[in-house]
Amino acid sequence: MAAESVSSPVTEKLKTANLGFPRMGRQRELKFALEGFWTGKHAEKELLDVASALRKKHWTLQHAAGIDFVPSNDFSFYDQILDALVLIGATPERFGAGTVTFDRYFAMARNSREQTAMEMTKWFDTNYHYLVPEWSDGLSFNIDTTKLLGELAEARALGIETRPVLIGPLTLLLLGKGVDGFDPMTLLPKLTKAYEEVLQALIAADVPWVQIDEPMLVTDLEDGVDEAYRHVYAQLAKLPVKLMLTTYFDSLADNLHLAVDLNTAGIHVDLVRGPNQLDDILPALRPEQLLSVGCVEGRNIWLTDFSAAASKINTAIAKLGPERVIVASSSSLLHVPHDLCAETNLDARVKSWLRFAEEKLAEIVALGRGDQAEYKANAEAIADRAAAESTTNPRVRAALAVLEEKDFKRTSPYPERAAMQRRKLGLPLFPTTTIGSFPQTPEVRKHRAARKNGRETAEQYDAFLRKAIAECVREQERIGLDVLVHGEFERNDMVEYFAEFLDGFAFTESGWVQSYGSRCVKPPVIYGDVARPKPMTVKWSEYARSLMTRLMKGMLTGPITVLQWSFVRNDIPRQQTAWQIALALRDEVKDLESAGIDIIQVDEPALREGLPLRHADWPAYLDWAIEAFKLATSAVSNGTQIHTHMCYCEFEDILPSIAALDADVISMESARSRMDLLDAFRAHKYPNEIGPGVYDIHSPRVPSSEEMHELLKLALEVLTPEQLWVNPDCGLKTRTWPETISALENMCKAAAELRLQLGA
Ligand code: GLN
Ligand code: ZN
């Protein structure tokens, strides 16, 4: 980097802000307290104590780090959207009315025998899941400020003045669904009034600033939403409390003027995801409005480039003056792990490039203070990362550079392949199969843990896995499935298992991130070029195949899913990393084929969640994502059958892209919303073979063969008999063996009856 392009540190002492802190605790204390409470092991008091200790700790460390705007009300026992509904008195009617007790709170969040919980879905393009609001006419909108004011007071008792966080009214409304066709927009007057009351309560408590999160403003807004925003904020912005209108995960783009017009005291923008919006917003701001510059990334774990960030901050200061600029995290830090202290196994050099939540606080403060020493250390770390040879693999770069169009295409088009596969595989009509995993019993987990901490040798563990595979194969043959799998017992996780074989990945010990409720994930870190030094799954698939007389399906996780469920490097485009993973998988696919595995499934459940927030950015992503899958799967001969699998997302709007993957067979989750998927297939004819899941694997209920038969007949209204496969919605790892056996027996019976009926 040329010396001239290094921008000088910020010379003024700026105010600093954090938008939200991870709530689980350094050792996931909240998770264990919650789970202990749910199983009845702990009393409510213990949970409450753990939670309040965590809040205190988190406020104290943010304050001590030097953050001026420390958030409160970002804590949650389960989910901040559910909390927002409790706050404004709009929890779903079906769970009852009146003050929300702890029991009711968790009943809304968690399925029980008596009642299905609220639906859960992904928070924008993150891996965090929120509970979907259910809008209906009878909601009371009686506000309950207990938590909001309680946290405020708790922090004040520590001498810390916080900036409470609210989910903005329109974001809350738009993320919900109307019950039975109810139009949520009709609730606008009641909703506005509830938010006014909440703000009044904060005003009465002498709160100067409120962070009001409106990330919906970075998405394409439907007609009428613009007006709704203006309407609601005309009421809220005139109250005597300063609102920081907070946006993140992308640029405001065409909603920029709308955001400014809402006339809040300040606006927060995400300059990591939307770096270019700074130039647009600076001239657009109203004379008094503050700008919160989100330049320390809340979504990834890399160190911030201080020079680049300072250049943004300095541009803002030059236009607005230092008193109108705040240095902040780009989004809440909820999406990164707590801190790096526990990471003793990480390569020291890789570790020096990482920043988790606590380290990010230090970055925000160092940036805002223009700390010379910190800037110097940062520049050195950035330069070290850029120069590191460990991140570049010349062999991988060379392989990517010589790719040609033919590397992304099967030799022959689907109809020709299908004819060959039919001859070669000899499958019946309506072939039955599963999605890959079989029950991960306590025994499986026990052996994995024993292997991990060295109580079991590699030989002992292998012997156990062989036994598990053999039993699984035997059961599948007995049940009468047509295409068998090995059961995935060796896999702890569908991404980590592969990542552990691949170059370019690092693993943390405590890099946990909340996924939903008490559930956390520990994404691997992709720090360098990805390569496959040796086969990853061939041994197990080969072993399983040696045991069976029937067809065997090999199982891999697709390139986009590996990418999505990892922390991805930010020094090369995501597309390049995806294609590197694809090249590694391509070798694995070829090795499986050479080992005599004629059917290979490459799972891509995360294909859709990689979609950018703005529609305009979809085609570019879908292009390279589809190419990644094709790169991974198209090196096989025509007679080898490639499967893929997708689940738990809305496929409807990306069906053409799914078809473009050109997998010979796709299995898709659909039992829960069968009609939607089939309607989509009616509208967009799916060309290849498909197994719409015939039963929901999340339920312990064993479906009857009759109901699965009905579903198959429904599917045949839009698919030809040659197209239709028979399988569950997803993998069976969370089920027990007795449930699994009964359900699969019924499933095979349903397929057999269908064959009889059609005289096949
Ligand atoms: N093959 C994987 C399994 O069966 C697929 C899991 C998934 O779709 N998330 O477990
Ligand atoms: Zn699935």
Side-chain angles (χ1 to χ4, degrees), residues 120-122 127 129 432-441 444-445 448 468-469 472-473 475-476 481 483-499 515-516 519 521 523 536-537 540-541 544 552-566 585 588-589 592 597 599-610 629 632-633 641-651 658 661 663 665-674 677 690-699 725-737 739-740 743-744 747:
M120 213 165 48
T121 196
K122 287 196 187 241
N127 240 323
H129 300 69
T432 52
T433 190
T434 62
I435 307 307
S437 60
F438 269 77
Q440 294 253 335
T441 56
V444 173
R445 282 197 293 272
R448 186 178 304 131
I469 291 172
C472 181
V473 167
E475 274 311 320
Q476 293 175 78
L481 288 152
V483 173
L484 276 50
V485 296
H486 74 287
E488 299 182 20
F489 304 109
E490 77 286 11
R491 302 189 189 172
N492 40 356
D493 171 280
M494 67 183 291
V495 170
E496 193 174 56
Y497 178 78
F498 289 90
S515 170
Y516 64 87
R519 271 287 269 277
V521 294
M536 306 180 281
T537 65
W540 300 121
S541 292
M552 159 75 197
K553 178 163 72 168
M555 286 294 153
L556 303 174
T557 301
I560 301 302
T561 302
V562 174
L563 186 81
Q564 279 302 122
W565 295 351
S566 301
L585 288 167
E588 185 75 9
V589 167
L592 282 171
I597 314 290
I599 304 181
I600 300 164
Q601 177 170 311
V602 179
D603 292 326
E604 280 294 25
L607 179 73
R608 193 189 191 284
E609 69 182 60
F629 181 87
T633 54
Q641 192 170 60
I642 296 290
H643 288 220
T644 188
H645 165 73
M646 275 169 216
C647 51
Y648 311 109
C649 65
E650 279 149 35
F651 315 103
I658 293 174
L661 296 174
V665 183
I666 181 170
S667 59
M668 286 168 124
E669 166 255 341
S670 53
R672 290 194 309 179
S673 61
R674 53 189 184 174
L677 184 62
I690 172 158
V694 291
Y695 79 87
D696 176 13
I697 55 90
H698 280 119
S699 163
W725 280 66
V726 180
N727 48 256
D729 263 347
C730 189
L732 301 164
K733 62 170 162 255
T734 56
R735 298 268 58 84
T736 65
W737 268 107
E739 287 158 10
T740 300
L744 291 178
M747 186 185 88

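Atoms within a ligand are numbered from 1 in the order they appear, just like the ligands themselves. Scope of the values below: all heavy atoms of this structure, side chains included, with no hydrogens, waters or symmetry mates.
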Visitor: Keeping the roles fixed (side chain from Thr644, backbone from Ile666), state whether a donor-acceptor pair exists under 3.5 Å.
Guide: no

Visitor: Heavy-atom distances under 4.0 Å are what count here, so tell me which part of Met646 touches ligand 1: side chain, backbone, both or neither.
Guide: neither

Visitor: Give a yes or no answer on whether the side chain of Glu609 reaches the backbone of Asn127 with a donor-acceptor pair at less than 3.5 Å.
Guide: no

Visitor: Just by modelled atom types, is the Val665 backbone N or O under 3.5 Å from a matching donor or acceptor in the Gln641 side chain?
Guide: no

Visitor: Listing residue and atom name, which protein N/O/S atoms are closer to the Zn ion (ligand 2) than 2.8 Å?
Guide: His645 NE2, Cys647 SG, Cys730 SG

Visitor: Just which atoms of ligand 1 are under 4.0 Å from any heavy atom in Gly731?
Guide: 3 (C), 4 (O), 10 (O)

Visitor: Note the single closest protein heavy atom to atom 9 (N) of ligand 1, along with its residue, its atom name and the distance in Å.
Guide: Met494 SD, 3.4 Å

Visitor: Mind checking whether Leu563 and Pro559 have side chains closer than 4.5 Å, heavy atoms only?
Guide: no

Visitor: I'd like to know if the side chain of Asp696 reaches the main chain of His698, judged simply by a donor and an acceptor atom lying under 3.5 Å from each other, with no hydrogens or angles considered.
Guide: yes

Visitor: Which of the numbered atoms in ligand 1 are below 4.0 angstrom from a heavy atom of Gly436?
Guide: 4 (O)

Visitor: Within the structure, does His645 bring an N/O atom to less than 3.5 angstrom of an N/O atom in ligand 1?
Guide: yes

Visitor: Would a 4.5 Å heavy-atom cut-off, applied to side chains only, mark Arg519 and His129 as touching?
Guide: no

Visitor: Given side-chain contact (heavy atoms from CB on, under 4.5 Å), test Thr441 with Phe489 step by step and report yes or no.
Guide: CA-CA 9 Å; Thr441 56; Phe489 304 109; over 6 Å; no

Visitor: With heavy-atom distances below 4.0 Å as the criterion, list the atoms of ligand 1 near Lys733.
Guide: 10 (O)

Visitor: Would the distance check show the side chain of Arg445 and the main-chain N or O of Gln440 forming a donor-acceptor pair, the cut-off being under 3.5 Å?
Guide: yes

Visitor: Have a look at ligand 1 and work out which part of Cys730, if any, has a heavy atom under 4.0 Å from it: side chain, backbone, both or neither.
Guide: side chain

Visitor: Between Ser515 and Val521 (side chain of the first, backbone of the second, donor and acceptor by atom type, cut-off under 3.5 Å), is there such a pair?
Guide: no

Visitor: List the closest protein heavy-atom neighbour of atom 10 (O) of ligand 1: residue, atom name, distance to the nearest 0.1 Å.
Guide: Ser437 OG, 2.8 Å

Visitor: Salt bridge check: are Lys733 and Glu488 linked by an N-O gap of less than 4.0 Å?
Guide: no

Visitor: For atom 1 (N) of ligand 1, grab the closest protein heavy atom and report residue, atom and distance to one decimal in Å.
Guide: Asp603 OD2, 2.6 Å

Visitor: At a 4.0 Å threshold, what atoms of ligand 1 neighbour a non-hydrogen atom of Pro605?
Guide: 8 (O), 9 (N)

Visitor: Going by the atom numbers of ligand 1, which of them fall below 4.0 Å from some non-hydrogen atom of Cys647?
Guide: 8 (O)

Visitor: Are any side-chain N or O atoms of His645 and backbone N or O atoms of Ser667, one a donor and one an acceptor, separated by less than 3.5 Å?
Guide: yes

Visitor: Please determine which of Thr432, Thr433, Asn727, Thr434 meets the side chain to side chain contact (heavy atoms under 4.5 Å, CB included) test together with Val483.
Guide: Thr433

Visitor: Below 3.5 Å, N or O to N or O, backbone or side chain included: is there any such pair between Ile435 and ligand 1?
Guide: yes

